[in-house]
Amino acid sequence: MFDADGREGMQSQYPLLSMEAVRIGYGSHDKTNPAVEDVSFEVWAGEKVMLLGPSGCGKSTLLKAIAGFIRPDGGVISFAGREDLRPGPDRAVVFQESDQLFPWRTVMDNVAYPLRVMGWGRDESEEAAGWYLKMTGLEDAAYHFPHQLSGGMKQRTAIARALALDPLVLLMDEPFARLDAQTRNRLHGELNEIVLRTHMTVVFVTRSLQEALILGDRVVVLGRAPAMVKDVVDVSGVTDPDSERFVCSRRQLRKLLADEIDGGRSL
Ligand code: ADP
Ligand code: MG
């Protein structure tokens, strides 16, 4: 089971995150615009679960509900044994936007600041920040400001900041979608490395089949809005784009998405 701060025991029989018949709508009175309809899936500690679906299908809405930014209108989201989800450092979020950093703070301060807010002293928060900047290959940029960084470095900073919170899960919303293909490929490799080292649990939103296969252990395939689970596909160990399993899995995902993801075109 989970202890007081939500860390699981050695051999948990319970998923870290469980979504049961989750329904979320927008609209001030009657929630007439359903964005998520009857979504159920589970995420186990240490897993990388990809939420794959076409643009506008409700992926960000789902992630925001897990983060506690919005409440579901129906169903249950249970995280680390709790159902009253308010935003908290146990669920760190990395967004797509390159402007999620504080522009007036250095890379070091961007990563250390949330720790200071949580009551850490300057030295210990900078020490922790330095550790995660090293992990994300940013030591040389520690005293740069966001406007001096490339898109890839900005996203690395956001990842370092999220990791520094020592969360139970990293929630990532298309964090590499705006990067050029070369940078994106490099960050895929780096993220896989980091997850391997930290045993971090990741819930990652994407529109890209390729990304889902390279990063994921399991892929929750969502249909057109309102989001509904079409299938959950096991893709653990599928990382080499030239392997037969990769090609087969891509075919399987493409079939599931049919024409829902820009005619099957991967990002
Ligand atoms: P995705 O991340 O898959 O692109 P979203 O979760 O952002 O999709 O959006 C799902 C649906 O909900 C879309 O139709 C979108 O227009 C609508 N939506 C998202 N956010 C809001 C909001 N704050 N108010 C009203 N409608 C919204
Ligand atoms: Mg989105």
Side-chain angles (χ1 to χ4, degrees), residues 17-41 43 48-77 79 85-87 91-101 151 154-155 158-159 162 169-180 184 187-188 191 202-216 218-233 235 253-267:
L17 169 69
S18 131
M19 313 284 282
E20 275 174 52
V22 171
R23 192 164 47 78
I24 304 168
Y26 290 105
S28 49
H29 297 304
D30 43 7
K31 306 274 187 179
T32 41
N33 295 325
V36 171
E37 191 80 48
D38 194 21
V39 165
S40 302
F41 63 88
V43 177
K48 289 179 286 176
V49 171
M50 314 299 285
L51 306 183
L52 173 70
S55 186
C57 82
K59 303 181 296 299
S60 295
T61 302
L62 273 172
L63 212 67
K64 284 176 195 162
I66 298 169
F69 301 149
I70 48 182
R71 265 174 205 284
D73 301 307
V76 178
I77 301 179
F79 179 80
L85 292 185
R86 266 161 247 168
R91 284 148 293 139
V93 191
V94 177
F95 296 100
Q96 180 187 65
E97 294 79 19
S98 53
D99 56 1
Q100 61 193 294
L101 305 176
K154 285 180 187 170
Q155 292 310 80
I159 292 169
V169 67
L170 205 51
L171 305 175
M172 308 186 85
D173 194 352
E174 302 196 48
F176 308 141
R178 299 235 174 108
L179 303 176
D180 62 86
R184 187 160 57 235
L187 282 168
H188 284 158
L191 182 65
V202 180
V203 179
F204 191 112
V205 160
T206 184
R207 278 173 291 146
S208 160
L209 298 170
Q210 186 92 355
E211 189 163 60
L213 290 168
I214 288 172
L215 296 178
R218 286 191 303 134
V219 182
V220 176
V221 184
L222 301 162
R224 263 188 225 283
M228 267 189 270
V229 178
K230 296 191 87 173
D231 205 350
V232 180
V233 180
V235 297
L253 291 180
R254 191 169 281 169
K255 209 174 267 174
L256 280 168
L257 287 170
D259 59 349
E260 300 190 42
I261 187 165
D262 303 338
R265 183 178 60 84
S266 54
L267 275 170

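First listed ligand is number 1; within each ligand, the first listed atom is number 1.
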Looking at atom 25 (C) of ligand 1, would you say a protein heavy atom lies below 4.0 Å from it? yes
I'd like to know if atom 6 (O) of ligand 1 has any protein heavy atom within a distance of less than 4.0 Å. yes
Indicate yes or no: at least one non-hydrogen side-chain atom of [X] is less than 4.5 angstrom from one of [Y].
{"X": "Ile66", "Y": "Met19", "value": "yes"}
{"X": "Thr206", "Y": "Met172", "value": "no"}
{"X": "Val39", "Y": "Leu62", "value": "yes"}
{"X": "Val219", "Y": "Leu256", "value": "no"}
{"X": "Lys59", "Y": "Arg207", "value": "yes"}
{"X": "Pro175", "Y": "Phe204", "value": "yes"}

Suppose we measure from atom 23 (N) of ligand 1 to each protein heavy atom; which comes out shortest, and what is that distance? Tyr26 CE2, 3.7 Å
Which residue and atom name correspond to the protein heavy atom nearest atom 13 (C) of ligand 1, and how close is it? Gly56 O, 3.6 Å
Report the C-alpha distance between Asp173 and Gln96 in whole Å, list the side-chain angles of each, state the deciding distance to 0.1 Å, and finish with yes or no for side-chain contact (heavy atoms from CB on, under 4.5 Å). CA-CA 6 Å; Asp173 194 352; Gln96 180 187 65; 5.6 Å; no
For the Mg ion (ligand 2), does an N/O/S atom of Ser60 lie at less than 2.8 Å? yes
May I ask you to list the atoms of ligand 1 that are less than 4.0 angstrom from any heavy atom of [X]?
{"X": "Thr61", "value": "5 (P), 6 (O), 9 (O), 10 (C)"}
{"X": "Cys57", "value": "1 (P), 3 (O), 8 (O)"}
{"X": "Ala35", "value": "11 (C), 12 (O)"}
{"X": "Ser60", "value": "1 (P), 2 (O), 6 (O), 7 (O)"}

Measuring from atom NZ of Lys230 to atom CG of Leu253, what distance do you get when rounded to the nearest 0.5 angstrom? 11.5 Å
Measuring from the heavy atoms of Gly58, does anything fall under 4.0 Å of ligand 1? yes
Nitrogen or oxygen of Lys59 less than 3.5 angstrom from that of ligand 1: yes
